[in-house]
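Below is one structure, written out as structure tokens; comments come after it.
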Protein chains: 2
Amino acid sequence: MSTSRRRKHSYHHGDLPATLLRAAGKILEEEGVDALSLRELTRRAGVSHAAPYRHFPDRESLLAALAAEGFALLGEAQREAAAAAGLRGMGETYVGFALAHPQRFRLMFGGTVRIARHKALREVATRAFDGLAGALAARSPEAQGARDASIAAWALVHGLAQLLLEGRVAQAARAGRSEARFVSDVLATIRFAAGAPARAAAAVDQSA
Amino acid sequence: MSTSRRRKHSYHHGDLPATLLRAAGKILEEEGVDALSLRELTRRAGVSHAAPYRHFPDRESLLAALAAEGFALLGEAQREAAAAAGLRGMGETYVGFALAHPQRFRLMFGGTVRIARHKALREVATRAFDGLAGALAARSPEAQGARDASIAAWALVHGLAQLLLEGRVAQAARAGRSEARFVSDVLATIRFAAGAPARAAAAVDQSA
DNA sequence: ACCTGAACACCGTTCAAGT
DNA sequence: ACCTGAACACCGTTCAAGT
């Protein structure tokens with residue numbers, strides 16, 4: 001008689017959390033966070049609208065779980081890229097991840113989820129970034145300058161991803177290049193001055 | 001007898017749009033976009049909950065107006081910085097704006113407002129960025145390389161702003177420096193290779 | 001132990017009606 | 001021309017009750 005339940009036994013169907021996360025991920029990627037309501041989610045999953053509360057304290061916690069999945073994926077992709085393609089490969093991978101999963105990336109960095117309040121999320125996010133920082137620090141280990149440069153590198157790829165995602169980079173700037181080539185070219189315009197004392201270098205370069 | 005109306009004549013009180021934008025800006029900066037509901041806004045403004053619809057087609061259009069204010073402010077600050085402090089000054093101004101108006105900045109770049117769908121917003125946003133691109137292109141006018149470098153420069157400051165805003169940069173990385181000094185030091189680790197053919201330069205730098 | 005259904009306090013948006 | 005009040009179709013969250 002029921003119209004939407006597809007499960008065998010229906011009542012306890014093994015793993016509702018996983019089912020919810022899968023369905024939520026689909027809604028997220030198709031329509032964005034704002035369209036991801038618990039009620040729509042439970043409709044798709046064929047459970048009552050109160051069911052998620054047995055597994056997630058509130059909506060933000062479910063979003064936090066989705067964001068955590070994203071950081072895990074990004075972190076892994078970065079580690080693989082570091083081994084296979086070096087520093088610039090990591091940057092291209094970062095931007096590539098954002099373009100391949102735009103809504104997920106927005107969720108991870110958009111501020112809707114307060115990362116600090118969700119322990120598992122906080123930890124997996126931190127781990128993803130340690131990779132980038134470590135790779136850059138390893139190249140030129142003069143403490144503070146290298147650390148600053150690693151933040152600049154991260155900011156560069158992060159900002160490029162964000163600008164492309166939001167469509168802020170004009171079509172004209174692409175100049176007919178493929179997306180990957182464009183990203184590669186833009187990143188190639190940058191040089192890191194990690195070795196030099198940052199302050200002095202700044203003074204030199206600024207006088208233009 | 002009315003409890004909340006503070007206006008003289010009350011019914012048509014001159015400039016409801018401006019009143020709404022002022023109140024909305026306050027809610028935005030205090031509590032963020034997600035807390036900015038039209039109903040809460042109308043409660044504060046002392047009008048009926050349907051009143052905004054005489055002036056804005058929907059909630060997103062009101063948010064678009066708030067974002068447009070932000071881009072106008074940012075654009076102006078950038079133009080002043082360009083005149084007074086040169087290229088690096090513009091970058092510091094960009095990050096400074098984001099840190100001074102975090103919720104506004106999030107609204108401007110968070111993807112909640114579809115910029116392309118709001119004409120006035122689209123135009124003021126474009127104008128704000130022409131400034132940055134122009135300043136960099138003027139320094140080294142070799143068509144494509146310079147354009148790519150200007151995008152990289154923008155991505156750099158934008159990403160740094162975003163990472164600082166979301167609290168993704170660990171306290172430890174600051175190493176006791178003031179925020180302004182930290183930003184300045186991070187930006188100083190970067191050199192632009194706008195003059196050189198981007199591709200060749202990339203190949204050289206990559207082999208590390 | 002896990003899920004449901006009714007209930008509550010919110011939303012955004014529409015529209016006939018008021019001034 | 002501009003604003004209101006009732007109405008509609010949604011939300012997130014809570015809680016007693018069901019299996």
Side-chain angles (χ1 to χ4, degrees), chain A residues 1-24 27-28 30-67 107 112-114 117-118, chain B residues 1-24 27-28 30-67 107 112-114 117-118:
Chain A
M1 212 162 283
S2 89
T3 61
S4 60
R5 209 109 354 114
R6 306 175 207 59
R7 291 272 168 185
K8 298 157 202 199
H9 317 288
S10 133
Y11 228 75
H12 316 69
H13 51 49
D15 202 351
L16 184 53
T19 305
L20 288 175
L21 284 176
R22 207 156 356 106
I27 297 175
L28 172 66
E30 284 168 2
E31 316 185 48
V33 220
D34 292 349
L36 175 39
S37 76
L38 291 183
R39 307 204 68 136
E40 172 62 19
L41 172 61
T42 53
R43 252 175 256 126
R44 293 207 195 184
V47 293
S48 87
H49 60 257
Y53 290 90
R54 296 303 107 215
H55 305 283
F56 302 94
D58 52 26
R59 178 176 180 268
E60 184 175 330
S61 299
L62 191 147
L63 297 182
L66 288 175
L107 174 64
T112 304
V113 176
R114 274 86 45 102
R117 298 196 191 181
H118 303 270
Chain B
M1 211 164 278
S2 90
T3 61
S4 59
R5 209 111 351 118
R6 307 175 205 61
R7 293 270 167 182
K8 297 156 203 200
H9 317 288
S10 135
Y11 228 75
H12 316 69
H13 52 47
D15 203 351
L16 184 53
T19 305
L20 288 175
L21 284 177
R22 209 159 351 106
I27 297 175
L28 172 67
E30 285 167 359
E31 315 185 48
V33 220
D34 292 350
L36 175 39
S37 76
L38 292 183
R39 311 213 52 146
E40 172 62 19
L41 172 61
T42 53
R43 254 174 255 126
R44 293 208 197 184
V47 292
S48 87
H49 61 257
Y53 289 90
R54 297 302 110 215
H55 306 282
F56 301 95
D58 53 25
R59 178 176 179 267
E60 184 176 330
S61 299
L62 191 148
L63 297 183
L66 289 175
L107 174 65
T112 303
V113 177
R114 274 85 46 102
R117 299 196 191 183
H118 303 270

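Just so it is clear, the model here is predicted, and its values are computed rather than measured. Hydrogens, waters and symmetry mates are skipped; everything else that's a heavy atom, side chains included, is used.
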Quiz item: Paired stems touching DNA chain C, three or more consecutive Watson-Crick or G-U pairs with both distances under 3.5 Å?
Solution: C:4-8 with D:12-16, C:12-16 with D:4-8

Mind checking what makes side chain to side chain donor-acceptor pair (under 3.5 Å) contact with [X], not counting sequence neighbours?
| X | answer |
| --- | --- |
| B:Asp58 | B:Ser61 |
| A:Arg117 | none |
| A:His49 | A:Arg39 |

For [X] versus [Y], what's the shortest heavy-atom pair and its separation?
| X | Y | value |
| --- | --- | --- |
| B:Leu20 | B:Pro52 | CD1-CA, 3.9 Å |
| B:Val33 | B:Leu107 | CG1-CD1, 3.7 Å |
| A:Arg59 | A:Ser37 | NE-CA, 4.4 Å |

Take atom [atom1] of [X] and atom [atom2] of [N], then tell me their distance rounded to the nearest Å.
| X | N | atom1 | atom2 | value |
| --- | --- | --- | --- | --- |
| B:Leu41 | C:dG12 | CG | P | 9 Å |
| B:Leu38 | D:dC3 | CG | P | 15 Å |
| A:Leu16 | C:dA1 | CG | P | 17 Å |

Self-check item: side-chain contact (heavy atoms from CB on, under 4.5 Å) partners for A:Ala24, two or more places apart
Solution: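 Counting only residues at least two positions away or on another chain, A:Ala24 forms a side-chain contact (heavy atoms from CB on, under 4.5 Å) with A:Leu36, A:Leu41, A:Leu62, A:Leu66.
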
Quiz item: Atom CD of A:Glu40 and atom CD1 of A:Ile27: how far apart are they, to the nearest 0.5 Å?
Solution: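 Separation between the atoms: 5.0 Å.
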
Quiz item: How many angstroms lie between atom CG of A:Leu28 and atom CG of A:Leu63, to the nearest 0.5 angstrom?
Solution: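 With rounding to 0.5 Å, CG (A:Leu28) is 8.0 Å from CG (A:Leu63).
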
Quiz item: Can you name the residues that form a salt bridge (Lys or Arg N to Asp or Glu O under 4.0 Å) with A:Glu31, not counting sequence neighbours?
Solution: A:Arg44

Exercise. Quick one: list whatever passes salt bridge (Lys or Arg N to Asp or Glu O under 4.0 Å) with B:Arg114, sequence neighbours left out.
Key: B:Glu60

Between the protein and nucleotides 6-10 of chain C, list the N/O to N/O atom pairs that are separated by less than 3.5 angstrom.
from: C:dA6; atom 1: N6; to: A:His49; atom 2: NE2; distance (Å): 3.0

Exercise. Can you figure out which of C:dT4, D:dT4, C:dC11 approaches the side chain of B:Ala51 most closely?
Key: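 Nearest listed nucleotide: D:dT4.
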
Quiz item: Which listed nucleotide (C:dC11, C:dT4, D:dT4) is nearest to the side chain of B:Val47?
Solution: D:dT4

Quiz item: Which residue, A:Ser48 or B:Glu40, contacts DNA chain C at a nucleotide closer to its 5' end, judged by nearest heavy atom?
Solution: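 The 5'-side residue here is A:Ser48.
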
Quiz item: Looking at DNA chain D, which of residues 52-65 of chain B put a heavy atom within less than 4.0 Å of it?
Solution: B:Arg54, B:His55

